[in-house]
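Presented below is the structure to which this report refers.
In listed order, ligands and their atoms are each counted from 1.
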Amino acid sequence: VDLSAQIANMKVNNLFLNASGIHCQTEAELDDLMHEPVSGAMVTKSMTPQSRFGNPLPRYYRLANGSINSMGLPNEGFDYYMDYLKNHEQIKPVIVSVAGRSKEEDLEMLHTLQDDDRYQGLTELNLSCPNVIGEPQMAYDFPSANDLLKEVFSFYKKPLGIKLPPYFDLVHFDQIAEVLNQYPLSHVNTINSIGNGLWIDVNSETVVLKPKGGFGGVGGAMVLPTALANVRGLRQRLNPSIKIIGTGGVTNGRDAFAHILCGAEMVSIGTQLYEEGLGTFERVTRELTDIMEAKGYQSLADFRGKLKVIE
Ligand SMILES: O=C(O)c1[nH]c(=O)[nH]c(=O)c1I
């Protein structure tokens, strides 16, 4: 499987990586991902300038065919992750995910990354966290997102991607693509969880998450149709230079194959990785390879973005 993801010139030998938030908050978790033999890259938990405990527990709940979470941006803080990068050999590319609680925090972290000559990595600006109490998802506010990106790209010159929430209206695909196409983005990562779902334990007649009255982001198998639509919709609208990391609903090789048909350059695995463990990478890679061999494809480029419609 030839794999030359042109995402910030990452030369990787495997298209899979963890979804941000999954197994990537602590040094031990990051080391596990760094030494996991199959995945081609990894991404950190979204970080804020200071460490955060996040929302009160329970804040994650497994569903029959997915998950719901209201973690609330728990992370060890910006300096912790910068130290991690300085003190650990990068066996694979590490995408640094930043999620300030305000425009000022985003700019603060990006200025620091821009000014650090030792930092040459790929950064992902998370504009779609649905669970910080009282905070909107910036990527649903097109003018604000545009203002932020205009300011970011006035000084940030290193590779930068954006983590997007799911959109549910083709006009919104048009509108966000119109904003993003103005900027020299490395990639977009789509989708983040479907924000503010609600799960109820009917026996106790109670929600299952403590924060926000039980409202949380939905992920896992049940979001695959939304994830595929967002990868496809944005691939059809974004400049070809802006690559897509497909995230959402990937549980097996067929799901990954579908993401690539829609145009994904690389594919993230979240809920399934959390529930099954790091062995997911080997299993899904094997399943995808089997599908490719059965179809006679030698490389991802043979079918990437080549989804057929019904004429
Ligand atoms: O609650 C979280 O920490 C969280 N949870 C998500 O589902 N997506 C995000 O971007 C984040 I920052």
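- Smallest separation of non-hydrogen atoms from Ala19 and Cys24: O-SG, 4.4 Å.
- Taking 4.0 Å as the cut-off, Gly216 does not count as a neighbour of ligand 1 on heavy-atom distance.
- Remark: Glu76 does not engage Arg52 in a salt bridge, criterion side-chain N to carboxylate O under 4.0 Å.
- Ion pair Lys103/Glu151 flagged as a salt bridge, since at least one NZ, NE, NH1 or NH2 atom sits closer than 4.0 Å to an Asp/Glu carboxylate oxygen.
- The proximity of Asn192 to ligand 1, defined as any non-hydrogen pair under 4.0 Å, is limited to the side chain.
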From CA spacing to verdict: side-chain hydrogen bond (donor to acceptor under 3.5 Å, both in side chains), Tyr156, Thr123: CA-CA 10 Å; Tyr156 200 80; Thr123 305; 2.9 Å; yes
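- At a heavy-atom distance under 4.0 Å, only side-chain atoms of Asn69, from C-beta outward, approach ligand 1.
- Within the 4.0 Å heavy-atom shell around ligand 1 one does not find Lys163.
- What sits closest to atom 11 (C) of ligand 1 on the protein, heavy atoms only, is Cys129 SG, 3.2 Å.
- Between Glu275 and Arg62 there is a salt bridge, since a side-chain N of the basic residue sits under 4.0 Å from a carboxylate O of the acidic one.
- Between Lys163 and Asn192, some side-chain heavy-atom pair lies under the 4.5 Å cut-off.
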Under the ring-ring contact (aromatic ring centres under 6.0 Å, His included) rule, what do Phe153 and Tyr183 come out as? Steps first, then yes or no, please. CA-CA 7 Å; Phe153 281 101; Tyr183 302 103; 5.5 Å; yes
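- Of all atoms in ligand 1, listed by their number and element, those nearer than 4.0 Å to a heavy atom of Pro74 are 3 (O).
- Listed by number with element, the atoms of ligand 1 under 4.0 Å from a non-hydrogen atom of Pro130 are 6 (C), 8 (N), 9 (C).
- With a heavy-atom cut-off of 4.0 Å, Asn55 does not touch ligand 1 at all.
- The aromatic rings of His172 and Tyr167 lie perpendicular to each other, with more than 60° between the two planes, well past the 30° mark.
- Side chains of Ser39 and Glu36: a donor-acceptor N/O pair is present below 3.5 angstrom, by distance only.
- Ligand 1 has an N or O atom lying under 3.5 Å from an N or O atom of Met71, backbone or side chain.
- Among the atoms of Ser70, none of the N or O lies under 3.5 angstrom from an N or O of ligand 1.
- On a distance-only criterion, Ser128 and ligand 1 share no N/O pair closer than 3.5 Å.
- Contacts between Arg59 and ligand 1 below 4.0 angstrom, taking non-hydrogen atoms only, are absent altogether.
- Listed by number with element, the atoms of ligand 1 under 4.0 angstrom from any heavy atom of Leu73 are 1 (O), 2 (C), 3 (O), 12 (I).
- Ligand 1 has Gly72 within reach: a non-hydrogen atom of the residue lies less than 4.0 Å from it.
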